[in-house]
2 protein chains.
Amino acid sequence: MRIVKEAEERRNEILDAADQLFGQKGFDGTSTNDILEKVGIARGTLYYHFKSKEDIMDALIERYNVRLLGAAQEVAADKSIPVYERIMRVVMALNISGEGSQEVMDHIHKPQNALMHQKIQKVIVRGVPPILGEIIREGIEEGLFHTPYPFEVMEMVVIYLNTIFDQDMIEMTEEGRLSRLQAFAFNIERLLGVESGSLLHLMQMFDGGNGEHHE
Amino acid sequence: MRIVKEAEERRNEILDAADQLFGQKGFDGTSTNDILEKVGIARGTLYYHFKSKEDIMDALIERYNVRLLGAAQEVAADKSIPVYERIMRVVMALNISGEGSQEVMDHIHKPQNALMHQKIQKVIVRGVPPILGEIIREGIEEGLFHTPYPFEVMEMVVIYLNTIFDQDMIEMTEEGRLSRLQAFAFNIERLLGVESGSLLHLMQMFDGGNGEHHE
DNA sequence: TCTTACCGACAGACAGTCGGTCTATAACAA
DNA sequence: TTGTTATAGACCGACTGTCTGTCGGTAAGA
């Protein structure tokens, strides 16, 4: 029953298994035994490819990081797309993010996965504001926005959204969610120096597909 | 060698020991053995007073929570203090926070303590915006600020500051720190609807005692 | 005498290690 | 071409030490 594979193939098998298991049961809740049973390998093999359990998590985050920011960066660089639309598309790329990582985002936000959550948060907080900030900067040149601090505004916005829509950072009623969205739209308009109401059409994107306005 | 004490006294001894140890070595890095050796009790005693290791952490956070928010709330409720000064005093209460918990804040921001960090973050994000928001609301009545969303603005500000000044969320040069402070002052002025520059004297508080302006 | 606090041996689970084994391929000989 | 041997990379699983949480029992004070 000894099956030999290329190191990279094995590594990916292990990462795929870990991805699912961490998602289902959290990092602490998943034992290395769970992982190696799922892959169908022995203990030694796991530690041949990864130096520790946390090393597996780091590799997972790196993979996720590349996919997520890569997709966003690609969209952001396409200057043929108008600024407003490009912002939306970048945000969508960050929310949905291609192939197999949809689940990741769903599962990170569990108390069990605190460390993983923190590490991903770090990736997002470091990676996203430069991407969005640059688009805003273009928007400023075009006269769409008016702020001397596009990068810092995006930093604030990204951090806020990332924290506030964390499943259990704040338990929100549907009403609380909507009022926060309204406030958010208003605040970001002030931060970007645009007329009040300009971003209404942008905000509808975040409205959970529920098209109501509640102005 | 059997020493009997009131349950609450023992509980506090255990919490004090855990506080120091978690600070030094992190939650995961601290074993229950470390704690019970430091206190000088047996395993069973520890588990007589707390139902799990995580329960100890929760109690620690609760104690911290009470001290921190309690102090802030007390200051916030004193309507004899002018609004601007009261805001500063509340923020100071949150940063320094009384007796023995100075260390806590210093040690939370370590990758080891991800879960603890997350839980404290939650306490702050839930607890502080209502306190500050209420003061801002008073300021609005007095005509100092102009925003329809005082609570949400404070929520955004608290989350931002809490994340950005996390030791290793973003590695910042001294220059990056100052430029961020400038941007922050500018942005919060827009959010609160005050004249640009109004908050300069407030911001000097956060300037690490370094009195330079860099306008 | 009864409750409350305390004890420490123990079970079960887990992460990581280590010596050793298999196998594909390369290098070389016949 | 065919057969043989050498080598390195992939793999194995028993084992170690450590850790958390449990449980039956014990001392002390009211």
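Letters go in sequence order (proteins before strands), and every chain restarts at 1. Every value quoted in this text rests on a predicted model; they were computed, and no experiment measured them.
In this structure, CG of B:D28 is placed 11 Å from P of C:dG16, rounded to the nearest angstrom. Rounding to whole angstrom units, CD1 of residue B:I3 and C1' of D:dG29 are separated by 15 Å. What separates CD1 of B:I56 from P of D:dG21 is a distance of 9 Å, to the nearest Å. B:F27 places its CZ atom 12 Å from the C1' atom of D:dC19, with the value rounded to the nearest Å. Here the P atom of nucleotide C:dG16 and the CD1 atom of A:I35 are 10 Å apart, to the nearest Å. In this structure, A:K51 places its NZ atom 9 Å from P of C:dG16, rounding to the nearest Å. In this structure, A:R11 atom CZ and D:dA10 atom P are separated by 11 Å, rounded to whole Å. B:F50 has its CZ atom 15 Å from the P atom of D:dT20, to the nearest Å.
Looking at A:R43 and A:T32, their side chains do bring a donor and an acceptor atom within 3.5 Å of each other. Inspection of the B:N187 and A:R190 side chains reveals no N or O donor paired with an N or O acceptor under 3.5 Å.
A salt bridge between A:D34 and A:K25 is present, with a side-chain N of the basic residue lying under 4.0 Å from a carboxylate O of the acidic one. With respect to B:E54 and B:K119, a salt bridge is recorded, a charged nitrogen being found less than 4.0 Å from a carboxylate O.
Taking 4.0 angstrom as the limit, B:Y48 places none of its side-chain polar atoms (N or O) nearer than this to OP1 or OP2 of C:dC6. OP1 or OP2 of D:dC12 has at least one side-chain nitrogen or oxygen of A:T45 nearer than 4.0 Å. Dashed line: the shortest gap from a side-chain N or O of A:H49 to OP1 or OP2 of D:dC11 is under 4.0 Å. Applying the 4.0 Å criterion to OP1 and OP2 of C:dG16, one finds that A:Y47 has a side-chain N or O inside that range. Between B:T32 and D:dT20 there is a side-chain polar atom (N or O) within less than 4.0 angstrom of OP1 or OP2. Remark: B:R43 is not in phosphate contact with C:dA9, judged by side-chain N or O atoms under 4.0 Å from OP1 or OP2.
Along DNA chain D, the nucleotide nearest to B:K53 and the one nearest to B:V4 differ in position, and the one closer to the 5' end is contacted by B:K53.
Among the heavy atoms of the strands lying under 4.0 Å from B:I41 are primed sugar atoms or P, OP1, OP2 only; no base atom is included.
End-to-end axis angle of the helix from C:dT1-D:dA30 to C:dC28-D:dG3, from C1' rotation axes over five pairs per end: 10° (rounded to 10 degrees).
Taking 4.5 Å as the limit, every side-chain heavy atom of B:H117 sits out of range of all side-chain heavy atoms of B:F27.
For A:Y149 and B:F186, the gap between ring centers is short of 6.0 Å.
Side-chain to base pairing of B:R2 with C:dC6: one donor and one acceptor N or O lie within less than 3.5 Å of each other.
In this structure a side-chain-to-backbone donor-acceptor pair under 3.5 Å is missing from B:R180 to A:E152.
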